[in-house]
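I have placed the structure first, in the form of structure tokens, so that the comments after it can refer back to it.
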Amino acid sequence: MFKLVRVNMSTKKCTFEDIPAAYAGMGGRGLTSALVAKEVDPTCNPLGPYNKLVFAPGLLGGTLCPNSGRISVGCKSPLTGGIKEANSGGQPGGHLAKLGIMGIVIEGMAENGKWFQLEIGKDSAKLVPATVAGLDNYDAVAKLVKKYGEDCSYVTIGRAGEFKLTAASIAFTDRELRPARHAGRGGVGAVMGAKGLKAIIINPASGKNHPLKHEEAFKAAAKRFTKALTDHPVCGQGLPTYGTAVLINILNEAGGLPTFNFAQGRFDKHESVSGETMNQLTKDRGGEGVVSHACMTGCIMRCSGLYPDKKGKLIGKWPEYETIWAFGPNCGVSDLDIIAQYDKICDDVGVDTIEVGAAVAVAMEAGVLKFGDGKGALKLLKEISQGTPLGRIVGCGTATVGKTFGVRRVPVVKGQALPAYDPRAVKGVGVTYATTPMGADHTAGYSVTANILGVGGKVDPLKSEGQIELSRNLQIATASVDATGLCLFVAFAVLDIPDALVAIVDMLNAKYGLSLKTDDVVTLGKSILKTEREFNKQAGFTKADDRLPEYFRDEALAPHNVKFDIADKDLDSVFNW
Ligand code: SF4
């Protein structure tokens, strides 16, 4: 019953095919990376006709397993020049899975200036001229909902994607039809724009949950997995109460909250942008504000609240920790109301908040505007949608801003901005930033767990010992989790409660009639990383690309006075297993 849909933007032909043998048993990041590695020339222009854009729900999609509806997006990245997988919550992943579609492959490209939208339903796929070109995500989705209805889910790009800016994201609608969930990293939205694809409309009618080889065994394992998530203090209490912004005060205390473009590790106004403050303000203002909101059906961790303005009117979703950090401490801005507006603007025009927040901080370092100039940053973000030269520069991300304004301290690896954890004070995540095939990406091996949170063991974040092994093991585990369609936040429970991983493997076995062991999860993760590393090598990457910018080795970070001191030869050993 599972199919791959190929959409040729050059010929406008859409075809359903059985899953080719080369991709049998793959899902999520496993499928996107295998397909990109096999079918895309690593040396091709990412914004040309030879790149492919792949959408894939995970192996546990289309089931009642909690938090299993995420969707992976893969391609050659126009930001890094290497392989890319970015994943998102929202409804489309679950809808595609229930339609039996395990992958959509967008190939070729439309004639210059022509825009199309893809209508997907049960056993049907059709390209039609786009009715929403020139609109940002919120207006585009509102217009699409009028035409196609509230039961569909929507995948769109904003103007940033249309302009092919290299920080452009792809938006996925949540349960309330807001385009607020994004495959953010690596410029995947620019690839969709280059193809001439403005939107995908997914009609889930006649879709159904996947058949299970062993239904009772699946239900029993799903129950154990649910219990592990609800019992764990981070998954069951911290995330639903404070969102991911619970990390602001924690990282500040640890001295690893990058502030003023990675100049120091603490922000004196951290309390005003913390998860605790956002929770209180949401409750106090009431109105349309909500604490604990699920971005997709089946999510039981509900990290995503809804942010109200002073009158209780909705601004947008609760900004995530990385967004608050990027535009808050990193830019010296301490007003949560304005940060919520930045998040909404980024969701609307369709850009990655980490990449663009870090780009604004680099613009501040260059003197384009002052640190702490919240209104100036707002004006700058609005310029992205207006398509001004400065807006386009910021919308192309941190490295582009650094080059344009001659800045030395540009926090990128493989051209992609470092996220919200200073690698000098959280050294395990520094190893991940340097070595993951994705470019700087905390989610690729979230060493913050053992470095800071004491989850899955404890490794001193300020020392170099143990960081290579920690990052290696987490990169392997994460590649596997990204293949299942599970939200990465399940990892907190998986690292602390041994039965959680066993339950995941039991669900895979019960769904597909397999007899996998937990060791097979490691084998799968290694195989995905190997595929991705090989693609990057063919694209021209060398060991020199697995390094942090030199200033992280030269400049000591307050308050712990630490530098990034992990030897190059050790970084080069991460993938020696
Ligand atoms: S935990 Fe948060 S990011 Fe994960 S699926 Fe739920 S709402 Fe979405």
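As the structure lists them, so they are numbered: ligands from 1, and atoms in each ligand from 1. In what follows, every heavy atom counts, from backbone to side chain, and hydrogens, waters and symmetry copies are set aside.
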Would you say K414's side chain and T436's backbone share a donor-acceptor pair under 3.5 angstrom? yes

Can a salt bridge be assigned to the pair [X] and [Y] using a cut-off of 4.0 Å between side-chain N and carboxylate O?
{"X": "D347", "Y": "R178", "result": "no"}
{"X": "R181", "Y": "E320", "result": "yes"}
{"X": "R185", "Y": "E85", "result": "no"}
{"X": "D337", "Y": "R285", "result": "yes"}

For [X], take its heavy atoms, then give the atoms of ligand 1 lying under 4.0 Å from any of them.
{"X": "C295", "answer": "5 (S), 7 (S), 8 (Fe)"}
{"X": "M296", "answer": "5 (S)"}
{"X": "R70", "answer": "3 (S)"}
{"X": "C299", "answer": "1 (S), 5 (S), 6 (Fe), 7 (S)"}

Indicate if the distance from atom 2 (Fe) of ligand 1 to the nearest N, O or S atom of C303 falls below 2.8 Å. yes

Heteroatom N/O/S of C487 within less than 2.8 Å of atom 6 (Fe) of ligand 1: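 No N, O or S atom of C487 is closer than 2.8 Å to atom 6 (Fe) of ligand 1, so no.
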
Taking atom types as modelled, find out whether Q475 and S471 have a side-chain donor-acceptor pair closer than 3.5 angstrom. yes

Assess N67 for proximity to ligand 1: is some non-hydrogen atom of it under 4.0 Å away?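 The answer is yes, since N67 has a heavy atom less than 4.0 Å from ligand 1.
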
